Each structure stands twice: as structure tokens, then as C-alpha cells.
*Asks:* 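A single structure is presented below for examination.
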Amino acid sequence: MPRPKPNKLHDELDALLDGRPVELTDELAPLAEAADALRAELAAYQLDPQVADRHLERVLHGSATVVPLPVRGQPSGWDLRRRVAAVVLAAALVLAPATMASAAALPGQAMYPFKRAIEQLRIASVQWSPGREAVERTRVADTRVDEVQRLTDLEMFTQLPTALTAMTNAMTAARAAVDEARRKGEPVAKVEAQLNGVMVAGAQVTRTVQVVTAAAAAKGPAPLSGDILRAIQTAVDQSKEVLPPVAPPTTGATTPTSTIEQPAKAPGSTVGTTKTSPTIPLPPPTAEATTTTTEPPTTTTPTTTTTPPTSDDEATPGSNGGGGSGGDDNKGPNDRSPLEVTPSTTPPGP
Amino acid sequence: VLGFGGEREAVSKAGLTAADLVAARRREPAAVTRVYTAYAPALFRFFMAAVGDRHQAEDLTGTTFVSAIESLPRFRGPIEALGGWLFQIARHDLYDHRRRQSRSRIEPLEDNLNEAARVAGADDPEELALDRVDAGRVVAAMRQLSDDQRQVLLLRMAGGLSAPEVAEVLGKTTGAVKALQHRGLASLARVLGLRSPEQPKEPPYPSPDPGRLTSQEEEER
């Protein structure tokens, strides 16, 4: 059998790397395998969402900087807390207008970095008290739930993976803060009940995300790419490790607010199992060395890679994690008001 | 990320449109965020594989993005060409970064790095950096490739550019890029111990041993 001309082999390899259908010959197989191995390693390099926020701040709000917080567990002391409090007070004076303006900001919108920065300031200001920190972090978690809800309402699917992971991390951070407050002997019954309610709300909104994205995916590839779907599914799966199980919604219950407005229950009181929840229909996985085609390199590069991997600062209470209500809500987690849902086709304002 | 001559001319594979480009030129936050979301992960992977240090790669990603947004009013190409243009800036920033590093490198450390590179079999400390990438053996194995092969593979695989886009970035022909990616992947397969088409496992006949031939010739004599 004559060996193909080099140009033909080059073209076939190029097509293979682009994901176009090519017969995987003996000559191409090891090359495809090497490409898959390289692609898999490169895919492990994930941009930290906090870093992404900083990059966007540099472009959009050159003067807005995130105040670094002391890491809990390290010797901080009163001196450091006083310094942080002083910074917080000074920053609060500067950022007060931004606080109001950014209250309703969503991920991807102009004021969102401000919102996160203000959340950090708020957490910093209460770190002298584990109990108050637990309250603040619970409020942050509530805000993250609210953001996921609104992003789902607006069908801003590209922002959902990051928002879902941020929500999960905020839940984890709030739970850790409550646990720590309990260890310090502070009364936590009230905040713990609030957090339980937030977590149930988070589980419900996650379920809503699944339903809405599945419905959008069923319409066709236009609104949702396979990579975004995969990233959403991954974020949903991660959230299930933290959030309580939630009963599957009734048929046609795709209105997100219908679930979130229900009275919050304690995690143990919920019924149903996530096993029955539909998973988002996903396209085939990105790389399979044994198949005759290889996914194009673009499949590992899209927007989904900004999905926070493992290290969101909110995962550890007292770290630099952003979080907080951003002044947008004085309501407690359990008295969540119905969402002011704009029509789903309305793009968010800047 | 982007392909030339696609059916949907005004929409990139990353989901960006010509309208996004226009809005990003005006620094409209939503459009700038969309551009960042579309390309920052690829830029970060490119820099990670190139410098092997997360902190530096993050800084380079931010620097490149800021430069790109500031220069965007001067970008007159179609949206499909945005990816290649961004990676041209990225390569320039990477070059500057390495030049700054080489200037600021104090002598004893440079000696140590050179020595470490020599011991590790790398030609220079930059190649050695590839060995120290967190992720492991495949990216580290790329130091065995030529510089051209490595650049092509990084832009193609980490940057997600098409072969014509890589050719545009590197100032080469598309054919040359395809040949380089073929040779690069063949070399990578060999280094990784994968079966290579250019080096069959079992040679069809015993390899000639010059020493043995010499002794055979002497015996024949």
C-alpha cells in the first residue's frame, strides 16, 4: 500500500486536529494520541475566577482594587483587624455610591467587580466576630443564589458555570463560618437556620438551571454550545456535593421563581432524590483517542474554562473570597422576596 | 478558536460577533467581558505552557488582555481574525517578559539556571522552565521539540488557533505550519513512548552494527 504523500498526511492531521472526520490510519493514530495527551494536560490549566475579575477590573474600573483579606487560621491579631477595619471604613466612604449602583449587578456586567469588592470589604469588617462573619457569609451565599436565579431568568448561559461554582463555594464558606462560630461558643441557631434555607433555595435554583438549560439545549445548538452545557453540568454536579437534595419539579415547572419562593426547609426535610433529575443533554466528550475523529483544539478553549476550578477564595472563610450582598438586600435569607423577573429575552443593562 | 471562511461569517466560534467587536472597541463592559471570557482561558493556557509558572502566566494574561483592549480601536480586521491578532500580542508580551527576565536575572542565579538547564539536557533555562510546569510530562516533553514546532503546537493546541491563523501569527505559510505540527506531534509521540510512524518498533531487518560489520570484514579478510 503506497504511503500517502506528506502533504496529504499533513492535511489529514490538520483536519483531525480541527475535529473534521478523518480515517484514523496507523500513521495518524500516534499523532492523534499525542495531541490528545497534550490537549488534556493543557486543559488542566484553569484561570482562577478571582484573577479573571481582577483582569476585568483593570480594563473596566482601573481604580477599583480588591482589598486583600487576612486568611483565617493564620495569626492575625487585633492590630491587623484594626488595620483592616480602617481600610474598610475609608473604602466605604469612597465606595458608597458604587455600593448602591452595583447592588443588582450580575456576573459579566460592568458593576459586578465592584459588588464583589464591596462584599469582601463587608466580610473584612466583621471578621473580629465569627458569629457576625457567619451571618455575612450566609448573606453572601444568598446573593449568589439570587444571581444564579437571575442569570437563569435572563438565559445568560455563558455566565452560569462561574455563577454556579461561586454559589457552591459561598455555601461552603458560609457553612464553615457557621461551624467555626459554633466552635467559638457563639449562638448560631438563627444563622444556621437561615443558611439551611439558603442551601435549600440553592438546591432548588440548581434544579431550575438544569431544567431551563435542558429546555434551551433541546431547541438547538444556537443558544447553548456544548462546552457551556458541559461546564454547567460540571458546576451542577459540584453543587450537589454541597447542597441538599431537592425534589424534582412537576412537569412544566420551568419557571424559576416558582421554586425559589417556596418556604425554605431544612435540608433533612426535603424529599426526592437527585437520581431522578434529568441531566443536561451533552454532546460527546471532547477527546477520545480511540475514535476516528479528534475534537478541534477549540473545544478546550472556550468560555467555559473560566469556570472556577477548585480554588475560589470563598471556599475558606476568612480568605480573600468575595461574597456578600453588596448592599443589595437587607432581607434575610429566609424572607426572600419574589424576584423581579424581566422578560427572558431582555438583555441585561450594563 | 476562530476559523476563516466559515459559513457564519460574522460570528466566531467563540460566539463573538462583529457587533461585539464594535462594542468592545468602545469599551462597553458587557462586550469587553465577552471578549475576555472567549479568549482569556486560551491565553492563560498558552502562557502557562510557555513559562510554567501560574503567577507569571496570570500576569501575562492580564497584560495581554489590557494591551489588546487598549489597541482594539486600531484592529481593523474581521471578528474571525481577532484570535490571531490577540496571540500576536501575546507572543510579543511573552518576548518582552523573557527579555525582562534575562535582564533582571542576577549572575549567580543565571549560572545556576544555566547549569540546571545543562544538566537537564535543555539548551537554555527557558526550556528548562517547561520541565517545571505543574501539569507534567506532556508539556514538559515539549522541550524536546524545536522552537518552531513548540510555538506551532502551543498556538494550535493551547491557543486554539487554526493552522491558517497560526501561519498568520508566525509569518509562515499554512503548509509550513501543517508540516511543523506534524513533525512536532511525531516527535512528541516518540518522546512519550507512543508508537511513531517514523520509527517503527520492529525494524524489518537487523540493524547494521558498524562495529560488527567491521569485525566481520576483518574475519572475511
Side-chain angles (χ1 to χ4, degrees), chain A residues 3 6-7 9-11 13-14 17-18 25-35 37-48 51-52 54-56 58-62 107-112 158-159 162 225 228 296-307 347-350, chain B residues 1-3 13-15 27-30 32-34 36-45 48-49 54 57-58 61-62 65-66 69-70 133-139 142 153-154 156-163 174-175 177-179 181-182 185-186 188-192 194-197:
Chain A
R3 180 180 173 138
N7 283 348
L9 186 59
H10 294 169
D11 288 343
L13 176 63
D14 194 56
L17 295 178
D18 278 340
T25 61
D26 287 346
E27 285 180 307
L28 282 176
L31 306 179
E33 199 174 342
L38 176 58
R39 192 173 293 149
E41 272 199 14
L42 292 170
Y45 300 143
Q46 299 278 330
L47 193 56
D48 189 325
V51 173
R54 284 203 299 272
H55 291 166
L56 284 169
R58 282 174 65 184
V59 176
L60 300 175
H61 313 284
Q109 294 181 337
M111 296 303 288
Y112 192 71
T158 55
Q159 300 293 337
T162 306
S225 76
I228 294 173
T298 57
T299 55
T300 59
T301 60
T303 60
T304 58
T305 46
T306 53
T307 302
Chain B
V1 174
L2 302 175
K13 285 183 184 175
R27 293 216 197 184
E28 288 183 14
V32 169
T33 304
R34 276 197 289 277
Y36 181 87
T37 307
Y39 290 107
L43 285 170
F44 178 67
R45 274 196 291 274
M48 269 298 289
R54 169 169 283 273
E58 288 171 351
T61 303
F65 184 68
V66 171
I69 294 300
E70 287 175 348
V133 171
D134 294 336
R137 66 183 189 113
V138 184
V139 174
M142 289 184 71
L153 287 184
L154 282 183
R156 192 86 166 87
M157 310 292 284
L161 300 183
S162 66
T174 302
V177 166
K178 288 180 180 178
Q181 75 185 7
H182 174 261
L185 284 175
L188 198 58
R190 272 198 304 278
V191 174
L192 295 175
L194 306 173
R195 186 167 50 88
S196 169

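Heavy-atom basis, side chains included; hydrogens, waters and symmetry copies ignored. A, B, ... follow the sequence lines: proteins, then strands. Residue 1 opens every chain. Treat the numbers as computed from the prediction; the structure is a model and nothing was measured.
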*Asks:* Do Thr158(A) and Arg34(B) have side chains that approach each other closer than 4.5 Å (heavy atoms only, starting at C-beta)?
*Replies:*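 Of all side-chain heavy-atom pairs linking Arg34(B) with Thr158(A), none is under 4.5 Å.
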*Asks:* Would you compute the distance between atom CG of Asp48(A) and atom OG1 of Thr61(B) and round it to the nearest 0.5 angstrom?
*Replies:*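 The distance works out to 12.0 Å.
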*Asks:* Checking the side chain of Glu33(A) only, and the main-chain atoms of Ala189(B) only, is there a donor and an acceptor separated by less than 3.5 Å?
*Replies:*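 No; zero donor-acceptor contacts below 3.5 Å.
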*Asks:* Could you walk me through whether Gln181(B) and Leu31(A) satisfy the side-chain contact (heavy atoms from CB on, under 4.5 Å) test, starting with their C-alpha distance in whole Å, then the side-chain angles of each, then the deciding distance to 0.1 Å, before giving a yes or no?
*Replies:* CA-CA 10 Å; Gln181(B) 75 185 7; Leu31(A) 306 179; over 6 Å; no
*Asks:* First locate atom NE2 of His55(A), then atom OG1 of Thr33(B), and finally report the distance between them rounded to the nearest 0.5 Å.
*Replies:*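 One gets 13.5 Å once the value is rounded to the nearest 0.5 Å.
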*Asks:* Does Glu28(B) have any side-chain hydrogen bond (donor to acceptor under 3.5 Å, both in side chains) partners at least two apart in sequence or in another chain, and if so, which?
*Replies:*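 Glu28(B) satisfies side-chain hydrogen bond (donor to acceptor under 3.5 Å, both in side chains) with Arg26(B) only.
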*Asks:* What part of Thr174(B) gets within 4.5 angstrom of chain A, counting heavy atoms only: side chain, backbone, both, or neither?
*Replies:*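 It is neither, since no heavy atom gets under 4.5 Å.
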*Asks:* In the structure I gave you, are the side-chain heavy atoms of Phe44(B) and Val51(A) within less than 4.5 Å of one another anywhere?
*Replies:*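 Answer no - side chains too far apart.
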*Asks:* Please name the pair of heavy atoms, one in Lys178(B) and one in Asp14(A), separated by the smallest distance, quoted to 0.1 Å.
*Replies:*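 In this case the closest contact between Lys178(B) and Asp14(A) is CE-OD2, 3.4 Å.
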*Asks:* What's the shortest heavy-atom distance between Leu42(A) and Arg45(B), and which atoms?
*Replies:*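 In this case the closest contact between Leu42(A) and Arg45(B) is O-CD, 2.8 Å.
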*Asks:* As an exercise, state the distance from CG of Leu38(A) to CG of Leu154(B), rounded to the nearest 0.5 Å.
*Replies:*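 Those atoms lie 7.5 Å apart.
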*Asks:* If you take all heavy atoms of Met157(B) and Arg39(A), which pair is closest and at what distance?
*Replies:*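 Taking Met157(B) first and Arg39(A) second, the nearest heavy atoms are CE-NH2, 3.6 Å.
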*Asks:* Supply the atom-to-atom distance Leu28(A) CG to Leu185(B) CG, rounded to the nearest 0.5 angstrom.
*Replies:*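 Nearest 0.5 Å value for the CG-CG distance: 10.5 Å.
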*Asks:* For a quick test of reading the model, state the closest non-hydrogen atom pair linking Leu47(A) to Ala40(B) and the distance between them.
*Replies:*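 Scanning both residues, the minimum pair turns out to be CD2-CB, 3.9 Å.
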*Asks:* Gln159(A): what forms a side-chain hydrogen bond (donor to acceptor under 3.5 Å, both in side chains) with it, not counting sequence neighbours?
*Replies:*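 Gln159(A) satisfies side-chain hydrogen bond (donor to acceptor under 3.5 Å, both in side chains) with no other residue.
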*Asks:* Write down the atom of Leu17(A), the atom of Arg156(B), and the distance for their closest heavy-atom approach.
*Replies:*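 Heavy atoms only, the tightest pair is CB-NH2, 3.6 Å.
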*Asks:* Does the Arg58(A) side chain pair with the main chain of Phe65(B), one donor and one acceptor, at a distance under 3.5 Å?
*Replies:*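 Checked: no pair found.
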